[in-house]
2 protein chains.
Amino acid sequence: MNRETVIGRLKEYGLGITQPRIEILSYLMENHVHPTVDVIYESLLENNPGLSRTTVYNTVQLLTKCGALRTLCIDESHVNIDENTMPHAHLLCRECGRIIDLPLKGISVEKASHPFTMDGNMIEEVHQYYRGLCQECRNKQNK
Amino acid sequence: MNRETVIGRLKEYGLGITQPRIEILSYLMENHVHPTVDVIYESLLENNPGLSRTTVYNTVQLLTKCGALRTLCIDESHVNIDENTMPHAHLLCRECGRIIDLPLKGISVEKASHPFTMDGNMIEEVHQYYRGLCQECRNKQNK
DNA sequence: AAATAATTTGGAACTATTACAAATTTATAC
DNA sequence: GTATAAATTTGTAATAGTTCCAAATTATTT
């Protein structure tokens with residue numbers, strides 16, 4: 001990912017420009033795989049020897065607070081990071097473990113993008129996810 | 001909760017009848033509060049001195065596998081237990097921390113109750129949850 | 001009632017995440 | 001550009017939820 005693009009993105013959110021932040025955001029903008037913090041950390045470690053796991057946690061937390069990222073709570077054992085901030089649903093495949101993007105059901109993307117009220121409650125975030133078998137794994141099993 | 005009712009429920013699922021299981025399922029059938037394992041454990045400890053935390057974990061896991069319970073993954077720091085197995089949505093209030101039941105959107109309860117296909121994927125579990133402010137907390141803040 | 005099987009217990013291990021103080025890097029002011 | 005101040009990163013230790021496991025207990029079967 002173009003370094004200037006990433007720096008621009010950090011500036012948009014009013015964040016300081018540092019090497020780790022560039023690397024982490026860059027990784028997320030290139031790899032749309034809903035990684036865990038540990039996957040990000042391990043992946044970046046090769047080319048960034050001194051990187052600390054804590055920094056990845058800190059940075060992800062910071063970017064999430066800014067609204068640049070979303071954290072997914074699908075697999076109870078850990079958090080997955082989603083850099084696509086447009087509201088959408090997810091499928092966690094019990095076979096391959098991947099998290100696949102799907103369209104939101106029953107609510108428009110526009111509505112889900114901003115707080116709205118429902119039965120007197122203020123809804124600020126909409127989360128939809130499924131567990132099951134993805135198409136690919138179904139095909140493999142039916143062979 | 002009537003002891004016989006709880007025992008009957010355990011038998012329905014083909015499970016052995018033991019004191020801890022009766023206590024735990026009884027608690028869940030009486031307290032519809034989406035408790036954590038720890039809340040269940042602490043609550044039962046008073047009247048069940050020897051109870052082990054591990055037993056609560058084991059039992060919850062067992063009941064979940066049977067389909068007698070559902071585990072919710074809303075707050076990333078822990079799992080919440082839901083003994084209402086009819087599909088429904090949840091709101092996690094950022095103020096009071098409660099988890100409130102809401103109706104499912106965009107999919108019928110009947111459809112969500114059984115596996116179905118969507119874009120070639122097999123959907124086995126439907127989860128919908130919101131984060132925001134519950135009605136009660138909104139009213140308090142607007143005073 | 002004895003033997004067998006299932007379950008529970010409790011302590012230790014594990015893992016994701018956070019806390020924190022020292023070291024380093026980045027931004028600011030001259 | 002360099003010195004200073006501020007922000008960030010690092011690494012270790014702490015925390016918390018959960019799982020592992022072998023011994024002890026309880027339930028079930030004979």
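Chain identifiers are assigned alphabetically (A, B, ...) following the order of the sequence lines, protein sequences preceding nucleic acid strands; residue numbering begins at 1 within each chain. No hydrogens, no waters, no symmetry mates; every other heavy atom, side chains included, goes into these values.
- Side-chain contact check for B/Asp82 versus B/His88: some heavy-atom pair is nearer than 4.5 Å.
- Distance CD1 (A/Ile22) to C1' (D/dT9): 14 Å, rounded to an integer number of Å.
- Between A/Asp38 atom CG and C/dT15 atom C1' the separation is 9 Å, expressed in whole Å.
- Here A/Tyr57 does not reach the OP1 or OP2 of C/dT18: none of its side-chain N or O atoms lies under 4.0 Å away.
- The heavy-atom pair separating A/Leu133 from A/Cys137 by the smallest distance is CD2-CB, 3.8 Å.
- Within the 4.5 Å cutoff, no side-chain heavy atoms of A/Pro35 are placed close to those of A/Ser43.
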Which letters describe nucleotides 1-14 of chain C, given B = protein heavy atom under 4.0 Å from base, S = only from sugar-phosphate, - = neither? ------SSBBB---
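- Between the CD1 atom of A/Ile40 and the C1' atom of C/dT17 there is a distance of 14 Å, given to the nearest Å.
- In this entry the distance linking CG of A/Asp75 with P of C/dA16 reads 10 Å, nearest Å.
- At whole-Å resolution of the value, CD in A/Glu23 and P in C/dT25 are 15 Å apart.
- D/dT8 atom P lies 13 Å from atom CD1 of A/Ile24, rounded to whole Å.
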Apply side chain to side chain contact (heavy atoms under 4.5 Å, CB included) to the pair A/Tyr41 and A/Val60, showing each step before the final yes or no. CA-CA 11 Å; A/Tyr41 170 68; A/Val60 163; over 6 Å; no
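- Following rounding to the nearest Å, B/Glu42 (CD) and D/dA16 (P) show an atom-to-atom distance of 13 Å.
- Residue B/Gln61 contributes atom CD, which lies 13 Å from atom P of D/dC21 at whole-angstrom precision.
- The residues A/Glu95 and A/Lys140 are annotated as not salt-bridged, no charged nitrogen and carboxylate oxygen being separated by less than 4.0 angstrom.
- At a threshold of 4.0 angstrom between heavy atoms, the contacts of A/Thr36 with the nucleic acid are absent.
- In plain terms, the two heavy atoms of B/Leu51 and B/Pro20 that are nearest each other are CD1-CB, 4.3 Å.
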